[in-house]
Number of protein chains: 2
Amino acid sequence: MNLLASSHTRSEENYLKAIYAVSQKAKKGASTTAIAGRLQTKASSVTDMVKKLSEKGLVDHRPYHGVRLTDQGRKVATQIIRRHRLWETFLVNHLNYRWDEVHELAEQLEHIRSHDLTDRLDTFMDHPKFDPHGDPIPDRNGHFADNGGAMPLSQVPKDTLVHIVGVRDSSPAFLKLLDGLSLKIGTQLTIMRRFEFDNSAEVSTRFNSAMLLNERVCENLTVKVL
Amino acid sequence: MNLLASSHTRSEENYLKAIYAVSQKAKKGASTTAIAGRLQTKASSVTDMVKKLSEKGLVDHRPYHGVRLTDQGRKVATQIIRRHRLWETFLVNHLNYRWDEVHELAEQLEHIRSHDLTDRLDTFMDHPKFDPHGDPIPDRNGHFADNGGAMPLSQVPKDTLVHIVGVRDSSPAFLKLLDGLSLKIGTQLTIMRRFEFDNSAEVSTRFNSAMLLNERVCENLTVKVL
DNA sequence: ATAAATTTTTAGACAAATCTAATTTTGATC
DNA sequence: GATCAAAATTAGATTTGTCTAAAAATTTAT
Ligand SMILES: [Mn+2]
Ligand SMILES: [Mn+2]
Ligand SMILES: [Mn+2]
Ligand SMILES: [Mn+2]
């Protein structure tokens with residue numbers, strides 16, 4: 001029954017995405033509590049939904065060891081991420097939104113149910129590989145583009161020329177900080193000095209005079225060596 | 001309380017739109033039964049929702065005389081229609097959908113909640129005045145463009161050159177019939193003969209040889225004299 | 001190994017939106 | 001104005017997704 005239509009509720013989709021994200025980050029099954037934390041719900045609600053998803057064959061659950069997506073569940077989650085990132089890209093590139101404004105809208109748009117809207121959007125934008133935050137957009141088969149050796153700025157050695165390719169934290173607060181410092185995707189920079197005291201780094205760009213970036217900022221900026 | 005956020009549920013929005021459409025067509029209040037018919041629900045469900053909308057000040061209800069939108073309710077309904085038609089226009093003009101494919105998608109997209117997405121879409125498309133079916137797109141103040149003397153083909157006298165500006169029925173079935181006859185918005189045609197027997201009309205276009213259109217088709221084609 | 005802390009589940013309730021079946025209300029008709 | 005058919009409402013149930021509070025299960029620490 002309904003093996004074809006592949007139609008899940010908005011809530012189910014959000015849980016699948018949350019389970020994907022949580023187990024991605026921790027590299028293990030997602031705990032009931034962690035899922036609840038991510039979705040701002042209560043653990044008891046998660047228990048109910050996990051049971052439902054489990055019966056649908058979308059997740060495997062071993063209590064106290066975490067929830068994992070099945071292949072089918074991962075496929076669904078990946079498609080939702082694809083839609084989310086394609087919409088973010090559309091909003092920034094074509095409707096002139098700023099990169100710190102699009103997430104909430106994409107949270108809604110990603111649930112639009114259509115067999116081919118996603119693919120048409122993808123074609124319209126000429127198959128973008130990364131979203132406005134530098135996150136890879138999976139293709140229609142769920143394959144993520146390789147980030148080609150990107151690393152957090154915190155791991156880059158001194159005196160190496162790099163350019164920004166993405167952010168690990170794409171909260172409006174962080175993105176606004178970056179905007180305030182004129183740091184955006186593509187910006188080239190070099191680490192001039194590191195301070196052992198707090199792991200902060202002094203960086204120079206083409207335009208700005210040197211600026212001091214604290215550890216947390218460095219960890220959340222993804223760069224590539226040029 | 002919540003006079004500002006102006007946030008209604010998807011269901012409320014669908015009811016408001018249905019009430020707008022039904023009372024528009026009948027030029028009087030929408031009966032509980034008619035609303036139920038339009039939304040494919042039951043009258044008892046309508047009773048409940050009308051009560052809710054009434055308490056919110058969006059409709060006035062006089063039992064057995066119909067439901068009417070208040071000014072506030074009409075404003076909301078108009079904005080939903082605006083979003084619906086803008087999305088349809090986007091899908092056809094930019095994502096290469098056909099005009100018979102976009103309605104269901106727009107039914108979903110119209111509920112995306114955003115302060116300015118609609119306006120940006122409008123700007124992106126250069127403020128279109130009509131959707132792919134020839135229906136007027138209200139502007140951000142809820143003002144509908146005048147259709148400039150459009151009338152159903154059934155009311156056009158013989159030997160008058162007209163062009164198609166819209167359809168009154170935009171069901172996929174009707175639109176596919178039109179596509180099959182190569183009739184689309186902009187097509188120029190003249191009524192050559194009328195048959196009293198069944199009110200059918202023989203029309204000629206630039207390209208096709210003469211064809212016979214039955215009464216129902218003529219009633220649902222909107223045209224303008226050139 | 002026992003106790004403590006944490007995690008998870010259960011039980012019961014609730015809000016939103018719907019349904020069916022029964023009942024009430026009303027406008028229209030004779 | 002009484003009657004009748006249509007329209008509308010009520011009552012009670014259902015589904016989905018959520019919550020609180022309490023109980024149970026399991027891991028972790030002593
Ligand atoms: Mn996002
Ligand atoms: Mn993103
Ligand atoms: Mn439509
Ligand atoms: Mn339309």
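The analysis underlying the following values was restricted to heavy atoms, covering all of them including side chains, and did not include hydrogens, waters or symmetry mates. Quick caveat, the model's predicted, so the values are computed rather than measured. Chain letters run A, B, ... following the sequence lines, proteins first and then strands; every chain starts at 1.
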Minimum heavy-atom separation for [X] to [Y], with atom names?
X	Y	answer
A:P152	A:R168	CG-NH1, 4.0 Å
B:L105	A:S114	CD2-CB, 3.8 Å
B:V67	B:V59	CG1-CB, 3.6 Å

Check the distance between [N]'s [atom2] and [X]'s [atom1] and give it to me in whole angstrom.
X	N	atom1	atom2	answer
A:K51	C:dT9	NZ	P	10 Å
B:E12	C:dA15	CD	P	16 Å
B:H8	C:dA17	NE2	P	12 Å

(Q) Assuming nearest nucleotide by heavy-atom distance, tell me which of B:V50 and A:Y15 is located more 5' along DNA chain D. (A) B:V50

Q: Please say which of B:K17, B:R83, B:R10, B:R85 ends up in a side-chain hydrogen bond (donor to acceptor under 3.5 Å, both in side chains) with B:E110.
A: B:K17

Q. Near DNA chain D, under 4.0 Å by heavy atom, which residues of residues 29-48 of chain B?
A. B:S31, B:T32, B:T33, B:A43, B:S44, B:T47

**Q.** Verdict with reasoning, B:H111 to B:N14, per side chain to side chain donor-acceptor pair (under 3.5 Å)
**A.** CA-CA 9 Å; B:H111 300 291; B:N14 283 332; 3.0 Å; yes

Q.
Under 4.0 Å from a heavy atom of chain B: give me the 5'-most and 3'-most nucleotides of DNA chain D that qualify.
A. D:dA7 to D:dT10

(Q) Salt bridge or not between B:R68 and B:D60? Use side-chain N to carboxylate O under 4.0 Å. (A) no

Q.
Between A:F90 and B:F90 (judged by ring centroids, cut-off 6.0 Å), do the two rings come close enough to count as a pair?
A. yes

(Q) Quick check: B:H103 with B:H133 (ring centres under 6.0 Å apart)? (A) no

Q) Below 4.5 Å, heavy atoms only, C-beta onward: do B:L109 and A:I112 meet side chain to side chain? A) yes

Q: Using the six-membered ring wherever Trp is involved, compare the ring planes of A:F124 and A:H94 and label them parallel, tilted or perpendicular (cut-offs 30° and 60°).
A: tilted

Between the protein and nucleotides 24-27 of chain C, which nitrogen or oxygen pairs are less than 3.5 angstrom apart?
| unit_1 | atom_1 | unit_2 | atom_2 | d |
| --- | --- | --- | --- | --- |
| C:dT25 | O2 | B:Y64 | OH | 2.5 |
| C:dG27 | OP1 | B:H65 | NE2 | 3.2 |

